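Only one structure is covered here, and it is reproduced in the block below.
Sequential numbering from 1 along the given sequence is applied to the chain's residues. None of these values were measured; they are calculated from a predicted model. The basis for the numbers below is simple: all heavy atoms, side chains too, and nothing from hydrogens, waters or symmetry mates.
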Amino acid sequence: MVECEFPECTTFGSVIRFALELEKGAVAVYDEFAKDSKLAAGAETFKALAASHKKRGDLLEYTRREKLNEMIQEPIQDLDARKYIPDLKAPKGADLKAAGKFAAAMEVKSAMFYGDTSQFAKNLLSEAARIMDKMAKENLANKAKMESL
């Protein structure tokens, strides 16, 4: 298990840091599930989702570095980051159905975060908003994959 440090979302820069923590946590959960012999039937799906979340983290890093310099310090109000923090303590000894349900709940929290923050991003930068919208849709697609296990 990886420990994530979710910041308060008071600036757009902290929103991006929060998103990076979401992606790091998802990679850790999916990697853990992929290595669990009891979950072997879903291992390839878990590995693919871990790789996908790793790429998403890379995209966020690139976006922060190359696209958001001028808006990183823009203040954000009325965003309670606590409601988006997923449970990242993967259940030990879970069967495939339980692991899928756990991961689906994680994807829902991330989808909510990206969906809500895309609204803030639209006000600041349309490219960041498109990325957040895309990630929210990917999270919901991942949730469906997990629920089908």
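Atom CE of Met135 and atom OG1 of Thr117 lie 10.0 Å apart (nearest 0.5 Å). Here CG of Leu79 is found 9.5 Å from OG1 of Thr10. Values are rounded to the nearest 0.5 Å. The NZ atom of Lys145 sits 12.0 Å away from atom CG of Leu140, with the distance rounded to the nearest 0.5 Å. Note: Glu32 CD to Lys89 NZ = 12.0 Å, rounded to the nearest 0.5 Å. Taken from CZ in Arg130 to OG1 in Thr63, the straight-line distance is 10.5 Å, to the nearest 0.5 Å. Note that the NZ atom of Lys101 and the CG atom of Leu96 stand 14.0 Å from one another [nearest 0.5 Å].
In this structure, Lys54 pairs ionically with Asp58, as a charged nitrogen and a carboxylate oxygen lie closer than 4.0 Å. Between Glu138 and Lys134, at least one side-chain nitrogen of the basic residue sits less than 4.0 Å from a carboxylate oxygen of the acidic one, meeting the salt-bridge criterion.
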For residues 34-45, run the donor-acceptor check on the side chains, cut-off 3.5 Å, and write out each pair with its distance to 0.1 Å, sequence neighbours left out.
from  : atom 1 : to    : atom 2 : distance (Å)
Asp36 : OD1    : Lys38 : N      : 2.9
Lys38 : NZ     : Gly93 : O      : 2.8

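Looking at Arg64, its side chain never comes within 3.5 Å of a backbone N or O of Gly13 through a donor-acceptor pair. Here the side chain of Ser118 pairs no donor or acceptor atom with the backbone of Met132 at under 3.5 angstrom. Checking side-chain atoms of Ser52 against main-chain N and O of Ala48 turns up no donor-acceptor pair under 3.5 Å.
The heavy-atom pair separating Cys9 from Ala81 by the smallest distance is SG-CB, 3.7 Å. Of all the heavy atoms in Pro86 and Leu22, the pair that sits closest is CD-CD2, 3.5 Å. Here the closest non-hydrogen pair linking Phe102 and Val29 is CE2-CG1, 3.9 Å. The shortest non-hydrogen separation linking Lys24 to Cys4 is CE-SG, 4.0 Å. Heavy-atom minimum distance, Lys97 versus Glu147: NZ-O, 3.9 Å. Residues Ala94 and Ala99 approach most closely at CB-N, 4.2 Å, considering heavy atoms.
Sorted by first then second residue, the ring-ring contact (aromatic ring centres under 6.0 Å, His included) pairs that include residues 77-100, not counting sequence neighbours, are Tyr84-Phe113. Sorted by first then second residue, the side-chain hydrogen bond (donor to acceptor under 3.5 Å, both in side chains) pairs that include residues 105-114, not counting sequence neighbours, are Glu23-Tyr114, Tyr30-Glu107, His53-Glu107, Glu107-Asn139, Glu107-Asn142.
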